[in-house]
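One structure below.
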Amino acid sequence: MRLSQYPLFTSKDTPADAEIVSHQLMLRAGMIRRLASGLYTWMPLGLRVLSKVENIVREEMDRAGCHELLMPAIQPAELWQATGRWETMGSEMLKLRDRHERDFCFGPTHEEVITTLFKGDYRSYKQLPVTLYQIQTKFRDEIRPRFGVMRAREFLMKDAYSFHMDQASLEDTYQVMRAAYQHIFDRLGVEYRIVEADSGNIGGNRSEEFHVLAETGEDELMVAEGGSYAANVEVAGDLKEGDPSPDGQGTIRKIRGIEVGHIFQLGDKYSKSLDVSVLNAEGQSITPTMGCYGIGVSRIVGAVIEQCFDEAGMHWPDALAPFRLVLCPMNYERSEKVRETADRLYAELREKSADIALDDRPLRPGAMFADAELVGIPHRVVIGERGLEKGQIEYKHRGADAAVDIDINAASIIDAMDNAGR
Ligand SMILES: Nc1ncnc2c1ncn2[C@@H]1O[C@H](COP(=O)(O)OP(=O)(O)OP(=O)(O)O)[C@@H](O)[C@H]1O
Ligand SMILES: [Mg+2]
């Protein structure tokens, strides 16, 4: 991407209404723009990151044997009345009425829709177990939208739902999904913790949350230092910091997290209330049991920033960076030698990766570097006349203290990027 032609809107000023660093930096870098409370446009720069998160999630869901589909965002009221949630969801659910005076909602989640879909197409134990998922826009009329995309009203979620003949099969899939989530958060390169969560009013079944650890996290977690116990505060109940862990291993410490994923053994609440049955091997009708598995795709973008930033801006891991590398030519306009070298390197590197930016804007070096650091591009190459005379260009990793001289060719740049790790 030639930055002279790219819609990049960076700013030095910290927006007054942004409380936490990820929100501030996303606005300053021009990744998002606010339309109204809890409603954001993903600008081209931000969308590049969001799409990378989305693709990692998609790859790991597919690898775990799940099948992607896409359900409508708007859902008829009857389904929610059947499960009793038309009333219990309260004002978080955005209700709509069409021209025929029929009631709908903008889906805050999709258990009712997926269960109805399943009912139409699945008949036999031979078709189970199955896990279906989508990556789709949800709407929840949050009482207090804040922190930008972290607690928005409209947001992108990956929601998966599994169907089973018995509890043992549900337990198997639950473990497969749990492992897939671990792969996802390992690939995202964030520090996270899995905690026991409250299974709410659904009864006795298992539920765990995945939290990115951050001081600014809205959730309090009780975790055992020197042990494996970890629970959110609802489950931990009266447990206090300094108490011994309930399993006797370690001492309880309170930490903060951002909930980015939630996996759940649902049981038969939805299949029962929506009257679903499948035939078992003996030809008897049974009610299938279900699991559900959510990931806050758009929230992850903010959560990662909360762990990866410094005074200058964001610091993306390679896997999520909007651009992996920026080429910074000094005096691109006036120096033919610099321009030719920059154009050649850019063309060669573009053959190998689409994630390359060429900063061909007529900017002073300081302003150019400040943008690269704010946006958090992990690798930077500076091309200047003096270096070219010595046969060198300058490579610097976003996290390194100093730049190093390397040879003027694409292979040296790629080597330098690989050696920087990540
Ligand atoms: N308002 C929101 N903005 C962005 N992401 C959200 C929002 N609400 C939920 N998510 C994400 O969707 C995932 C699955 O939804 P789930 O129903 O478990 O959310 P939740 O428990 O209501 O979240 P929270 O407790 O943070 O409100 C959550 O783990 C979270 O990452
Ligand atoms: Mg949750």
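We count ligands from 1, going down the list as the structure has it; atoms in each ligand are counted the same way.
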Can you check whether Thr83's main-chain N or O pairs, donor with acceptor, with Ser273's side chain at less than 3.5 Å? no
Taking the six-membered ring where the residue is Trp, are the ring centres of His211 and His262 under 6.0 Å apart? no
Starting from atom 15 (O) of ligand 1, what is the nearest protein heavy atom, named by residue and atom, and what distance separates them? Met157 CE, 3.5 Å
Could you check whether the rings of Tyr6 and Phe323 sit parallel, tilted or perpendicular, using 30° and 60° as the cut-offs? perpendicular
At the 4.0 Å heavy-atom cut-off, does Glu218 count as touching ligand 1? no
For Val149, the atoms of ligand 1 under 4.0 Å from one of its heavy atoms are 4 (C)
Identity and distance of the protein heavy atom lying nearest atom 24 (P) of ligand 1: Arg151 NH2, 3.5 Å
Short list, please: which atoms of ligand 1 are under 4.0 Å from a heavy atom of Ala152? 1 (N), 2 (C), 3 (N)
Once the angle between the rings of Tyr122 and Phe118 is folded into 0 to 90°, is it parallel (under 30°), tilted (30 to 60°) or perpendicular (over 60°)? parallel
Is it the case that the side chains of Tyr293 and Thr131 hold a donor-acceptor pair, with the cut-off being a distance below 3.5 Å and no angle test? no
Looking only at protein heavy atoms, identify the closest one to atom 5 (N) of ligand 1 and say how far it is in Å. Phe155 CD1, 3.4 Å
Nearest-0.5 Å distance, SG of residue Cys292 to NE2 of residue His110: 13.0 Å
I'd like to know if the side chain of Glu111 pairs up with that of Thr109 as donor and acceptor (distance under 3.5 Å, no hydrogens or angles considered). yes
Of all N, O or S atoms in Glu259, the one closest to the Mg ion (ligand 2) is OE2
Who's the nearest protein heavy-atom neighbour of atom 31 (O) of ligand 1, and how far? Glu259 O, 2.9 Å
For the Mg ion (ligand 2), the closest N/O/S atom belonging to His262: ND1
Please list the nearest protein heavy atom to atom 20 (P) of ligand 1 with its residue and the distance rounded to 0.1 Å. Arg140 NH1, 3.7 Å
Enumerate the atoms of ligand 1 whose separation from the nearest heavy atom of Gly261 is less than 4.0 angstrom. 29 (O)
Will you find, in the side chains of Thr287 and Asp268, an N or O donor that is under 3.5 Å from an N or O acceptor? no
What protein heavy atom sits nearest atom 4 (C) of ligand 1, and how far off is it? Met150 O, 3.3 Å
Would you say Thr109 contacts ligand 1, with heavy atoms under 4.0 Å as the rule? no
What I want to check is whether the side chains of Glu306 and Thr216 have a donor and an acceptor closer together than 3.5 Å. yes
Relative to the heavy atoms of Glu142, which atoms of ligand 1 are at a distance of less than 4.0 Å? 1 (N), 2 (C), 8 (N)
With a cutoff of 4.0 Å, is Ile300 in contact with ligand 1, counting heavy atoms of the residue only? no
Please report which non-hydrogen protein atom sits nearest to atom 13 (C) of ligand 1, along with the residue it belongs to and the distance in Å to one decimal place. Gly296 N, 3.9 Å
What's the shortest heavy-atom distance between Gly302 and Met26, and which atoms? CA-SD, 4.3 Å
Show the numbers, then the answer: is there a ring-ring contact (aromatic ring centres under 6.0 Å, His included) between Phe210 and Phe185? CA-CA 9 Å; Phe210 288 69; Phe185 294 111; 5.7 Å; yes
Atoms of ligand 1 under 4.0 Å from any heavy atom of His262, numbered from 1 in the order shown, are 18 (O)
